[in-house]
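Note sheet for the following structure.
Within every chain, numbering begins at 1; the chains are lettered A, B, ... in the order of the sequence lines, protein sequences first and strands thereafter. Remember, predicted model here, so these are calculated numbers, not experimental data.
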Amino acid sequence: MSEDVEVRLTVNGDGYRVRVEPRKTLVDALREDCNLTGTHIGCEHGVCGACTVLVDDRAVRSCLMFAYQAEGTSIRTIEGLADADGTLHPVQAAFREAHGLQCGFCTPGFVMSIVALLDENGAPTPQEVREGLSGNLCRCTGYQTILEAVDIAAATLRATSLEATR
Amino acid sequence: MSATTSPPAGATPRYIGQAVARKEDPRLLTGQGEYVDDLSLQGMLHVAFARSPHASALIRSIDASAAKELEGVRAVLTGADLNGDAHEMKSSYEVLIGSVGPVLEPLASARVKYVGDPVVMVIAESRAIAEDAIELLEIEYDPQTPVIGYETSLANETLVHPEMKTNLASVLTSEPDPALDRAFANAVHIVQETIRQHRYINVPMETRGLIASWHSGRGEMTFYSATQLPNEFRTFTTRLLAIPENKIRVIARDVGGGFGQKAFVGREEAAVLLAAKRIGRPLKWIEDRWENLVSANHAREELVHVRIAFDADYRITAVFCDHEEDIGALPASGTSLTTGQMVGMMFPGPYKIPHAGYSTKMIWTNTCGRLPYRGPWMMETVAREIMIDIAARRLGIDALELRRRNTITEADMPYTSATGMSYDRLSIDRTLEKVAAGIDFEAFRIEQGEARAAGRLIGIGLSHLVEPTAAAGGSFGIEVANIRMQPSGYVDVYVGTGNHGQGTETTMAQIVADTLGIEYEKVFVHDGDTDMVPFGGGSGASRTAVLAGAACHAAGAELRGKIVQLAAHYLEAAPEDLEINSGKISVRGTPTHFLEMTEVAFKAYNDSPSLPPGMSPGLEATARHAADGITFANATHACIVEVDPKTYRVKVLRYLVSSDCGVVINPAVVEGQIAGGVIQGIGGVLFEHFAYDENGNPLTTTFMDYLLPTAADVPTIEYAHLETPAKGPGGYKGVGEGGAIASPPAIVNAVADALGMDLPSQPLSPSLLFAMVNRAPTS
Ligand code: FES
Ligand code: FES
């Protein structure tokens, strides 16, 4: 085993200094060393998307990245999405409205992927949404209500940005 | 007593029937869920298993010396070390119905029987160290010829379990019936075919796992578990460890799906419990995806030789369902003896069939053992519905017309099937007509002709089912609700379910809020902690709405009765004159003269001298409900697919479900159950296949090979609901499994229709479909 390394992570605006094995994945460091267990592990081989977080605003599978590779980046996880007063992010609120979750295990990964997707493209076509989400697996919902949630969230986000530009 | 059958008079349902927002969601949406891997205990160690690389082998020797020396390793345990600690490894279901096959051992001790069979358990300071230690183990095997393929297994002289002398685990056959034989002898047409289904599996997104913690001072075992059945896991553990049930606490906080997989204690979980007691430090085992795919038990590899007899008008006069299933080497405890019988008993399904017979064989192979997966008997619908389309094609009659002619109608209710299933309050003919109209069969046939002329292959498929839900039998047939209105007027509801995505905290709160006449926001439902809830069956088998719902109705009605009595005493009115609205109790007609429920609750606990003579203090009621036979539900599915004539890729263009699950508590929850099931079935037919090579090596051990459907692959599901209330309390019927049962044959039938050929085997992946089309005799 190689020596532990010190890694500095910025997650949801908070700084963490953790000592981890060089082989430790970002998702394990988030869950075990930063105590942020909202990011889940569904496969550890880059297919299910349960571990999706934002690294410098891009959706990343945190099971495919080593913790030390995230040094110097700004990471956003599901725990950092709602406002401080508990108001849900529009994507979270849309999931609640559309019943976009059942067991909820895949949900943080979906929510983060959708945040990134809508950030890049505020008015995706249905086909773009489906393709954009094809890297996230859900075994409960059959995706129906997740797709509805994306529509609701996109509309809310468009309305808010319209408001902001007024 | 009619009090238990519906919300009492005066209680207008405000929440039942509404898609209210779920109570579970605020925590799950913000990353605050508590799945078992999210929890840590002080001093906790981590477990990993070394597993067999052989489908069949004798274990010659295990040298763990190097593994034990690795820094951070705390223990290495083999079957020889650990198995003797296991007092009894039996599910309650096995205790109830008996068993076949060898007694399960936590770790394979002398012989491994499938690839993935757990052999050695390593306990270390981290999972990574435990996995490193596994690399250092020297396990010597003497490989044996494995038994692979259940269709040839019975003729094989090689045995999966040499001590059993046969590869046939069980065979069950219906009583000989001369009338059945006569019906076949007198048939105008007989259609027969063998319908095969391939192995595809539960795959919850959260794998199995537990944290077990032994307190030697108290002699108590506490374990956090991803389980569907907290109380059954507790009973299992009392037998396993031979300690009183009272000294065992099972806690399931949030559970990430199960679909049947988390309804049985796995051998690895038993091993962790035994080791935790021996080592005295909390142990965590979280299965990785490879382990989940190769060893968390499998399902669906089965066939039916179907024979259907018709008269001159194409009415079915008799059926015979000859079923065989691969149950692997070590099926989950108590699960593989009688499921096949359900396949036979449910085979007549939604059709009027005067005579029916069946036979079912459960067969061992050197593959991962079987366990129930969402609709464990669903091969009856798969085989029957594919067969109806094959018969229609061969007899030259339209598949919809053939179903219409044979479907049980509302006028036939109550109806008892030839296998003794009693149906009542079903709308089988109406769901069929709903989808026929919704998908517009006649218009489709015209469109199909035009498409064919243009070189496009489109097809339509139907599937029709009667679904047994909330069946009596075992602890699955009972449920409990304990309802307490606390001094604040807020209400706690304790149910024996094991919510793992069904929204039980929401739906049971809807029922209790309506039954008591208070706000949904004031009701909190608890399950999944055996120190908190009374014994109940758990979640599975489409039982929660029917059985937990009934218990909530009954306990709610009793509690409401007491509240009303108490309020009547304070208001100096007759109880029957009172009504409750949004937490206010008033004399009917004088809404301004009322008592707040909160006042009544406060007094019930804090002002006992003011209670009517003889009334006990406090506001609490408990009801236990036992299933009354089986609550049947019905549904019809229809879909339209397109097959790419070059790539043989199948695209589902439309998917329509008409389902009748009785009174709907929460339409969003009901549609969620249907959609999830339908997509699992579509995945099963088009993408998923757990495959072994001829030596028993699993070929699909990651999500790169075991393909789950994604958002890009699924149709938009359309619904056309019917609500025919069941006889039981609240009028609910189960809905958890029907989607997964009915969708596979709907897809197969649509693809077969597009290609104009029989498709008796699955999966329908592009390569296999190509092979089938090119092998088929040209017609
Ligand atoms: S856990 Fe990272 S993609 Fe599945
Ligand atoms: S909600 Fe359970 S896996 Fe998506």
Segment of [X] engaging chain B (4.5 angstrom heavy-atom cut-off):
X	value
L81(A)	neither
T145(A)	neither
I146(A)	neither
H40(A)	side chain
E79(A)	both
E44(A)	side chain

### Evaluation steps, side chain to side chain contact (heavy atoms under 4.5 Å, CB included), between N666(B) and H99(A)
CA-CA 11 Å; N666(B) 186 321; H99(A) 283 240; 4.0 Å; yes
Heavy-atom closest pair, residues [X] and [Y]:
X	Y	result
L137(A)	P709(B)	CD2-O, 4.0 Å
L29(B)	F95(A)	CD2-CB, 3.4 Å
Q102(A)	R22(B)	O-NH2, 2.7 Å
G142(A)	I679(B)	CA-CG1, 3.3 Å
C103(A)	L28(B)	O-CD1, 3.7 Å

Look at [X] together with [Y] and state whether they make a salt bridge at an N to O cut-off of under 4.0 Å.
X	Y	result
E688(B)	R139(A)	yes
D37(B)	R31(A)	yes
R127(B)	D28(A)	no

To the nearest 0.5 angstrom, please state how far the [atom1] atom of [X] sits from the [atom2] atom of [Y].
X	Y	atom1	atom2	answer
T207(B)	F105(A)	OG1	CZ	6.5 Å
H89(A)	T30(B)	NE2	OG1	13.5 Å
D25(B)	T107(A)	CG	OG1	8.0 Å
T710(B)	N136(A)	OG1	CG	10.0 Å
C48(A)	M205(B)	SG	CE	4.5 Å
D132(B)	R23(A)	CG	CZ	4.0 Å

Okay, side chain of [X], backbone of [Y]: is any donor-acceptor separation there less than 3.5 Å?
X	Y	answer
Y143(A)	P715(B)	no
Q144(A)	I717(B)	yes
H45(A)	F703(B)	yes

### Query
Does the side chain of P26(B) reach to within under 4.5 Å of the side chain of R96(A), using non-hydrogen atoms?
yes
### Task
Could you walk me through whether R130(A) and V714(B) pass the side chain to side chain contact (heavy atoms under 4.5 Å, CB included) test, one step at a time?
CA-CA 9 Å; R130(A) 283 167 181 270; V714(B) 304; 3.7 Å; yes
Just so I understand: if I count every heavy-atom pair under 4.5 Å between each of [options] and chain A, which residue has the most?
options	result
M704(B), Q680(B), R27(B)	Q680(B)
D254(B), L39(B), V203(B)	V203(B)
G257(B), G33(B), A21(B), G739(B)	A21(B)

